[in-house]
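To start, the structure itself, in structure tokens.
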Amino acid sequence: INMNKKILKIAALVTDFILIIGLSWLGNALLGNPISKMLATNTAKQHLAETYVETDFYIERITYSFKDSNYHAFIKSPSSIDTEFSLTISMLGKLKLDTYDDVVNGFNTARRVDMEYRELVDTIFEHPNFPYSGRIGYGTLEIYPDEFIENDENDEFPSYSIAQSSLELDKIYDIRELGRQAGHIIIYAECDTVSIEKAAEMMVDIKSYFDDANIPFVAMDFTLQYMKSEDGTRSDVEVHVKDFAYEDIYPEGMKDRVLKAHDALTEYYNRLDKEKLNEDIE
């Protein structure tokens, strides 16, 4: 009997030990640990001191991500609005990635001005007097890395796109002027009437809101859909146009231009579906 009690006691201790190890491993995987964070902090400080000499860069925060089991140090500069990048550091303190290239290649500047344009467009779509409802409505500036534009064999990027390298670090841009060069409006509107005529009417009206607010754009993507029914379903009948030029949005002949653009986009989508079907068969 005493032997059995001793065996049970040992088994319980082993079980507790295994449970503690398991919980520790799980906690380490989900939350990280103080030692690894200290190693990551030291690595980040050393990397800044050695790589970015005579700068005012500082570590804003260091966080652990359970998604990739790494620490991420977020770096900023008090003298540069576009200088934001991160360092990815392993739990053993090894530097794995430095995203400073996003600063020098214009990505951060592009992201900043794009957000400013989006916020400007939101003043239209989010205004209580804007008469149209829908699940999507936003504006973006078509800015891309040079290599994307230069090697655009399939015309995936608009002809009015701005090269990312042309942007100047920290420059305060006239956002309306950038909108005039590369502004793109994307709208999904809902209505109980879906027709070419209705879409043409709504596009002209929406343009008038932008003109009155002096918010320029180059092109509009517009999709007119039926409202959802009470059971949450929606008819697949819609009118859609893509990259519809600003200068082509005016009342005279608008219906014909929308019909032509809608038919062209429908044909394009049908062609893509057919190509995908053929690929799946092969």
Side-chain angles (χ1 to χ4, degrees), residues 44-63 72-89 95-126 137-187 207 210-221 242-247:
K45 289 180 178 179
Q46 183 178 353
H47 182 68
L48 289 185
E50 293 177 354
T51 308
Y52 304 106
V53 183
E54 296 182 358
T55 68
D56 58 0
F57 298 172
Y58 68 95
I59 301 171
E60 181 195 29
R61 68 187 190 281
I62 296 179
T63 61
H72 298 271
F74 295 90
I75 315 302
K76 285 190 174 184
S77 164
S79 62
S80 170
I81 57 176
D82 290 332
T83 299
E84 289 186 18
F85 62 101
S86 65
L87 308 175
T88 300
I89 305 169
L95 179 66
K96 300 175 73 174
L97 180 66
D98 178 341
T99 65
Y100 183 67
D101 278 350
D102 287 346
V103 178
V104 297
N105 66 20
F107 175 80
N108 284 3
T109 307
R111 182 177 58 185
R112 169 173 60 87
V113 296
D114 181 70
M115 183 57 65
E116 290 179 14
Y117 183 70
R118 183 177 292 243
E119 290 173 353
L120 190 62
V121 170
D122 283 347
T123 62
I124 298 291
F125 291 141
E126 296 178 1
Y138 66 94
T140 188
L141 294 173
E142 298 291 354
I143 304 173
Y144 298 100
D146 299 44
E147 59 269 23
F148 286 20
I149 299 174
E150 293 168 0
N151 301 318
D152 186 19
E153 297 178 356
N154 298 319
D155 295 325
E156 294 181 14
F157 305 100
S159 59
Y160 52 88
S161 298
I162 294 176
Q164 195 170 278
S165 65
S166 68
L167 299 177
E168 297 180 32
L169 187 72
D170 296 332
K171 179 176 178 178
I172 304 303
Y173 282 90
D174 181 338
I175 299 302
R176 284 181 164 82
E177 181 55 36
L178 287 181
R180 190 170 286 107
Q181 297 176 40
H184 193 173
I185 307 302
I186 293 86
I187 309 164
K207 178 190 175 186
F210 279 81
D211 288 345
D212 290 345
N214 187 26
I215 301 178
F217 64 90
V218 178
M220 178 190 295
D221 288 4
K242 184 176 177 63
D243 272 324
F244 201 96
Y246 170 88
E247 60 265 24

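Residues take their numbers from the sequence shown, with the count starting at 1.
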- Task: Starting from the C-alpha separation in whole Å, work towards a yes-or-no answer on side-chain contact (heavy atoms from CB on, under 4.5 Å) for D221 and H184.
- Result: CA-CA 8 Å; D221 288 4; H184 193 173; 2.8 Å; yes

- Any chance you could lay out the side-chain contact (heavy atoms from CB on, under 4.5 Å) test for I187 and M220, step after step, and finish with the verdict? CA-CA 8 Å; I187 309 164; M220 178 190 295; 4.1 Å; yes

- Task: For side-chain contact (heavy atoms from CB on, under 4.5 Å), just list the numbers for R112 and I81, CA-CA rounded to whole Å, side-chain angles, deciding distance to a tenth of an Å, and then say yes or no.
- Result: CA-CA 9 Å; R112 169 173 60 87; I81 57 176; 3.5 Å; yes

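No side-chain heavy atom of F74 sits less than 4.5 Å from a side-chain heavy atom of T99. For the pair D114 and E142, the minimum side-chain heavy-atom distance is 4.5 Å or more. For the pair K76 and F85, the minimum side-chain heavy-atom distance is 4.5 Å or more. Between Q46 and E50, some side-chain heavy-atom pair lies under the 4.5 Å cut-off. Taking the side chain as every heavy atom from C-beta outward, L87 and H72 never approach each other to under 4.5 Å. Contact of the E84 side chain with the I75 side chain is not registered, since no non-hydrogen atoms from C-beta on lie closer than 4.5 Å. Contact of the Y173 side chain with the T109 side chain is registered, since non-hydrogen atoms from C-beta on lie closer than 4.5 Å. Counting heavy atoms from C-beta on, the side chains of N105 and Q164 come closer than 4.5 Å.
A donor-acceptor pair under 3.5 Å is absent between the side-chain atoms of Y246 and the main chain of G183, judged by distance alone. A donor-acceptor pair under 3.5 Å is absent between the side-chain atoms of D82 and the main chain of L169, judged by distance alone. One N or O on the side chain of N151 and one on the backbone of E147 form a donor-acceptor pair closer than 3.5 Å. Looking at R176, its side chain does come within 3.5 Å of a backbone N or O of N214 through a donor-acceptor pair. Using modelled atom types, no side-chain atom of S161 and backbone atom of F157 make a donor-acceptor pair closer than 3.5 Å. A donor-acceptor pair under 3.5 Å links the side-chain atoms of S166 to the main chain of A163, judged by distance alone. Listed for the S80 side chain is a donor-acceptor partner under 3.5 Å among the backbone atoms of T83.
More than 12 heavy atoms of other shown residues, nucleotides or ligands fall within 6.0 angstrom of atom OH in Y58.
If you check the side chains of Y160 and D243, you find a donor sitting under 3.5 Å from an acceptor. Side-chain contact, Y100 with N108: no donor N or O sits under 3.5 Å from an acceptor N or O. Under 3.5 Å, the side chains of Y117 and D122 contain no donor-acceptor pair of N or O atoms.
Nearest heavy atom pair, residue A44 against residue I62, reads CB-CD1, 4.4 Å. Shortest non-hydrogen contact noted between V121 and G139 is CG1-N, 3.7 Å.
Rounded to the nearest 0.5 Å, atoms CD1 (I143) and CD1 (I149) are 9.5 Å apart. The distance from the CG atom of D174 to the CD atom of E116 is 10.5 Å, given to the nearest 0.5 Å. Note that CZ of R111 and CG of L167 are 13.0 Å apart. Values are rounded to the nearest 0.5 Å. Summarising the geometry, atom CG belonging to D152 is positioned 10.0 Å from atom OG belonging to S159; distances are rounded to the nearest 0.5 Å. Rounded to the nearest 0.5 Å, atoms OH (Y52) and OG (S77) are 12.5 Å apart. Distance check, rounded to the nearest 0.5 Å: CD1 of I185 to CD1 of I124 gives 9.0 Å.
Using a 30° and 60° split on the angle between ring planes, F125 and F210 fall in the perpendicular class, above 60°.
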